[in-house]
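Just so it is clear, the structure is predicted and the values come from calculations on it, not from any experiment. Each ligand, and each atom within it, is numbered from 1 in the order the structure gives.
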Amino acid sequence: MDTPLTEVNAARLARLVEISRILNSTTNLSELLTIIIREAAALTRCEAASILLLDPNTRQLHFKASSNNIEPKMADAAVPLDSSIAGAVLQANRPLHIPDVSRDPRWSQDIDQAIGFRTRAILGVPMRNVDREPVGVLEAINKLDGSFARQDVETLTTLADLAGVAVEKARLIEALQEANRELNELDQLKSKFIAVASHELRTPLSIILGYVSFLQEEAPPELADQLDSVLHAAVHLRTLIQDMLNFRYVEAGQAILDLNEFDFVELVRGVAFGEEDTAAAKEQTITVQLTQERLPVLADKNVMEVVLSNLVNNAVKFTPKGGQIDIHVERRGSEVWACVGDNGIGIPTDQLERIFSRFYQVESPLSRQYEGMGLGLAIARELTELHQGRVWAESDGNHGSKFFVALPLSTTIFSPNR
Ligand code: ADP
């Protein structure tokens, strides 16, 4: 007994809904195309199906998928819009049924001959994007029983519409992934450049520093000012190169960390002490408020020293002559918090996060009066995050700033026999 027409329709509709769900969840283009041709052949009960997509630049069609195994070289050959059946479907932007291709002058036998297949009839429908513009053609080839009917046209058109949108989405995702890959490559190139440049600059700089120190001792007193300027510039250069060199920690990631347990309070004390001369040169006062308690952390001491030095250096740099810098450390639950505060120029509230991006500086680099490359805070944050810690800034915009470092305390502090 024949299946009633309504039952056939209901079954096709249910299948189309299911296909729509599958197409929506597939973002890989070639996987998507394989699903579409498989479903096109099954839904229209035909021998084979193919997809040709339009190259937006050359405006030529190319076979992108076929249930017949078309060799990649053949599939890649362009199908001209003006002298092919697929081209006619695309240009008319509506379905085309050719019941007997041998009578159609636009039919080319090349592919049939190459793969040993015989195409008799073609039902071609355009695949359209969300704007209803044709982006390709879906072809059903050789109906298995009889010839293609109106219902096949409707089913294939619906499938092609679903497919057109899904293909466009997949292409956009692929383009985004490609752009992302390129960005990552650029980022790596930039980091590599920084690593090589800083390494190469280090040797000539140490020669300059060595000779200037020697000349300061030997040169006549009237050259003292000039030599001081050279020394000052060379020391400045050394700080810049040191920032660039610190990138090696960030790039190498956790693998390079030399983790040991040490007292964080002691480290902060050491860093504050080390910066006192620089602060004194600007007539600034550094006050340090530390707990009596030992606050052990499991971290790379040298790396955390870089983090704290960057923060204290900035406090000195962005605070005018005679300013005040306050450093304190305390235990907060299972963490140690260090805070470096100053009464300097402050940071606009909308930039409190952006200052942690590489090379970002609040003032324009060309007109600013402060030295630096905008790397210190990015390095501080990335290095602290390698230790599962956090760094952030607080400021109301113009009354100084506070920078916080939070690090997990070493678990030994919680052990019962301590
Ligand atoms: P650099 O100091 O080399 O410019 P950083 O990454 O250390 O780079 O800092 C980024 C920017 O954040 C600085 O250029 C400055 O605009 C702002 N900044 C950092 N620390 C302070 C601070 N203590 N007070 C005011 N602004 C600061």
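- Evaluated by nearest non-hydrogen atom to atom 1 (P) of ligand 1, the leading choice among Gly346, Gly374, Ser395 is Gly374.
- Remark: Arg181 does not engage Glu185 in a salt bridge, criterion side-chain N to carboxylate O under 4.0 Å.
- Looking at ligand 1, you'll find an N or O of Val362 within less than 3.5 Å of one of its N or O atoms.
- Per-residue contacts place Leu375 under 4.0 angstrom from the following atoms of ligand 1 (heavy atoms of the residue considered): 6 (O), 8 (O).
- Remark: the Ser410 side chain and the Glu261 side chain contain an N/O donor-acceptor pair separated by less than 3.5 Å.
- Looking at atom 12 (O) of ligand 1, its nearest protein heavy atom turns out to be Ile355 CG2, 3.3 Å.
- Between Phe318 and ligand 1, not a single N/O pair is under 3.5 Å apart.
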Show the atom names and distances, to 0.1 Å, of all donor-acceptor pairs under 3.5 Å that link a side chain in residues 221-229 to residues at least two apart or in another chain.
from	atom 1	to	atom 2	distance (Å)
Asp228	OD1	Gln216	NE2	2.7
Ser229	OG	Asp225	O	3.2

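- Taking the charged nitrogens against the carboxylate oxygens, Glu18 and Arg21 do have a contact shorter than 4.0 Å, which makes a salt bridge.
- Checked against Glu275 for a side-chain contact (heavy atoms from CB on, under 4.5 Å), the options Asn313, Val340, Ile325 give a single hit: Asn313.
- For atom 7 (O) of ligand 1, the closest non-hydrogen atom on the protein side is Asn314 ND2, 2.8 Å.
- Remark: Arg390 CZ is packed, more than 12 non-hydrogen atoms of other residues, nucleotides or ligands lying under 6.0 Å away.
- Between Ala378 and ligand 1, a contact under 3.5 Å exists for no N or O pair.
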- request: For the pair Leu308 and Phe264, evaluate side-chain contact (heavy atoms from CB on, under 4.5 Å) and give the outcome as yes or no after the intermediate values.
  value: CA-CA 11 Å; Leu308 290 168; Phe264 199 68; 3.9 Å; yes
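- Taking every heavy atom of Asp342 and a limit of under 4.0 angstrom, the matching atoms of ligand 1 come to 22 (C), 23 (N).
- Below 3.5 Å of separation, one finds no N or O of Asp243 facing any N or O of ligand 1.
- In summary, Asp152 and Arg12 engage in a salt bridge, as defined by a charged side-chain N under 4.0 Å from a carboxylate O.
- Lys317 NZ: more than 12 foreign heavy atoms inside a 6.0 Å radius.
- Assignment of Gly344 to the shell around ligand 1 is not supported, since no heavy atom sits closer than 4.0 Å.
- The distance criterion of under 3.5 Å between nitrogen or oxygen atoms is met by Gly376 with respect to ligand 1.
- Nearest non-hydrogen protein atom to atom 14 (O) of ligand 1 is Arg368 NH1, 3.1 Å.
- Short contacts between ligand 1 and Ser401, defined as distances under 4.0 Å to a heavy atom of the residue, involve ligand atoms 22 (C), 24 (N), 25 (C).
- Checked for salt-bridge contact, Arg171 and Glu168 miss the test: no charged N lies under 4.0 Å from a carboxylate O.
- Residue-ligand proximity, Gly372 to ligand 1, at heavy-atom distances under 4.0 Å covers atoms 3 (O).
- Ring geometry for Trp392 against Phe404 counts as parallel: the plane angle stays under 30°, on a 0 to 90° scale with 60° as the upper cut.
- Residues Asn28 and Ser30 have side chains that bring a donor and an acceptor to within less than 3.5 angstrom of each other.
- Using a 4.0 angstrom heavy-atom cutoff, Ile347 counts as in contact with ligand 1.
- Polar contact with ligand 1: present for Lys317 (N/O pair, distance under 3.5 Å).
- When Glu371, Gln361, Arg358, Arg381 are checked for heavy-atom proximity to atom 4 (O) of ligand 1, Gln361 turns out nearest.
- Shown in contact with Leu377 at under 4.0 Å from a heavy atom are these atoms of ligand 1, numbered in order with element: 5 (P), 6 (O), 7 (O), 9 (O), 10 (C), 12 (O), 19 (C).
- Look at Lys321 and Glu283 and you find a salt bridge, because one of the NZ, NE, NH1 or NH2 atoms lies within 4.0 Å of a carboxylate O, short of that distance.
- Under a 4.0 angstrom heavy-atom cut-off, Tyr370 registers as lying outside contact with ligand 1.
- Considering backbone and side-chain atoms alike, Glu363 places every N or O at 3.5 Å or more from each N or O of ligand 1.
- At least one N/O-N/O distance between Met373 and ligand 1 falls below 3.5 Å.
- The shortest N or O to N or O distance between Tyr360 and ligand 1 is not below 3.5 Å.
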